[in-house]
Amino acid sequence: MASVLSIAIVLAAGAAAVFAQDAFVPPATPEEAVSTRQALMREDGGILRSLGNLSGAEAVAAMTTIRDNYSHIPALFPEGSIVGDTDALPAIWENWEAFTAIVDTGVAAAEAGIAAAQAGDAAGYTGAVQTLMGTCGQCHQQFRS
């Protein structure tokens with residue numbers, strides 16, 4: 001029952017993300033940027049914890065959400081958005097190319113995960129999941145307090 005519920009949650013998140021992808025509007029204020037990116041990171045964290053248990057359409061939906069969310073990350077870190085309750089470090093803007101390179105690696109890994117899940121390539125899918133997990137760690141080590 002728990003796995004059915006988690007799959008339903010992932011599918012709902014994927015559907016919401018597809019809708020959100022079409023409607024994404026960059027945040028208007030630094031405070032909005034912080035709250036939006038924190039919500040996105042929480043969503044990604046939840047999905048990433050479940051990726052290893054997914055396959056087929058569920059894996060495609062989850063990876064699609066991750067890809068879409070990663071593609072929004074640069075817009076969620078406008079200069080001057082170290083306000084309120086944020087763990088973002090100034091290193092993000094001081095090393096913007098390194099920051100966006102990690103994001104680009106995540107987008108590419110999610111795209112590879114989508115293709116692998118569609119093809120039934122378990123090894124390729126697992127590799128994409130590992131790469132995604134690595135991007136989270138890299139970013140948090142370098143750019144988060």
Side-chain angles (χ1 to χ4, degrees), residues 6-145:
S6 65
I7 290 170
I9 290 169
V10 168
L11 288 174
V18 169
F19 176 78
Q21 173 72 9
D22 294 338
F24 180 77
V25 176
T29 66
E31 294 80 11
E32 186 180 312
V34 170
S35 65
T36 302
R37 70 186 180 223
Q38 288 174 341
L40 180 141
M41 299 295 174
R42 277 191 298 276
E43 178 182 35
D44 285 353
I47 293 169
L48 285 167
R49 283 187 288 281
S50 72
L51 284 179
N53 299 319
L54 303 177
S55 62
E58 294 88 4
V60 170
M63 283 288 191
T64 299
T65 299
I66 294 290
R67 182 206 54 209
D68 294 347
N69 284 353
Y70 265 64
S71 72
H72 297 313
I73 289 174
L76 297 175
F77 285 87
E79 284 197 57
S81 64
I82 298 183
V83 296
D85 184 25
T86 183
D87 293 328
L89 294 173
I92 291 169
W93 299 276
E94 294 164 1
N95 302 299
W96 186 253
E97 288 181 18
F99 177 74
T100 57
I102 293 170
V103 171
D104 292 344
T105 298
V107 170
E111 288 175 348
I114 292 166
Q118 290 171 329
D121 175 5
Y125 178 76
T126 298
V129 171
Q130 291 172 342
T131 300
L132 279 167
M133 297 287 197
T135 63
C136 294
Q138 285 179 310
C139 198
H140 287 191
Q141 288 174 355
Q142 296 176 48
F143 301 114
R144 181 179 180 207
S145 62

Under a 3.5 Å distance rule, please check whether T86 uses its side chain to pair with a backbone N or O of V83 as donor and acceptor. no

Donor-acceptor contact present, side-chain T100 to main-chain E97, <3.5 Å: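 Answer holds: yes.
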
Please walk me through it: do M63 and L54 pass side-chain contact (heavy atoms from CB on, under 4.5 Å)? CA-CA 10 Å; M63 283 288 191; L54 303 177; over 6 Å; no

Mind checking whether [X] and [Y] have side chains closer than 4.5 Å, heavy atoms only?
{"X": "V129", "Y": "T126", "value": "no"}
{"X": "D68", "Y": "F24", "value": "no"}
{"X": "T64", "Y": "I114", "value": "yes"}

Under the salt bridge (charged side-chain N to carboxylate O under 4.0 Å, His left out) test, which residues partner R49, sequence neighbours left out? none

D44 vs L40, side-chain contact (heavy atoms from CB on, under 4.5 Å): CA-CA, chis, key distance, verdict: CA-CA 6 Å; D44 285 353; L40 180 141; 3.5 Å; yes

Please report the shortest heavy-atom distance between [X] and [Y], naming the atom on each side.
{"X": "T131", "Y": "A109", "answer": "CG2-CB, 3.6 Å"}
{"X": "A117", "Y": "V60", "answer": "CB-CG2, 3.7 Å"}
{"X": "S81", "Y": "R37", "answer": "O-NH2, 2.6 Å"}
{"X": "T135", "Y": "I102", "answer": "O-CG2, 3.5 Å"}
{"X": "L89", "Y": "I82", "answer": "C-CD1, 3.9 Å"}
{"X": "I47", "Y": "A62", "answer": "CG2-CB, 3.7 Å"}

What is the distance from atom CD1 of I66 to atom CG of L48, rounded to the nearest 0.5 Å?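 Taking CD1 in I66 and CG in L48, the distance rounds to 4.0 Å.
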
Can you measure from CZ (R144) to CE (M41) and round to the nearest 0.5 angstrom? 9.0 Å

Can a side-chain donor-acceptor contact be found between E43 and N69 if the only test is distance below 3.5 angstrom?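 N69 vs E43: donor-acceptor pair found between side chains.
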
Residues two or more places apart in sequence or in another chain: which of them pass ring pair (Phe, Tyr, Trp, His ring centres under 6.0 Å) with F99? F77, W96, F143

List for me each residue that meets ring pair (Phe, Tyr, Trp, His ring centres under 6.0 Å) alongside Y125, sequence neighbours excluded, and say none if there are none. none

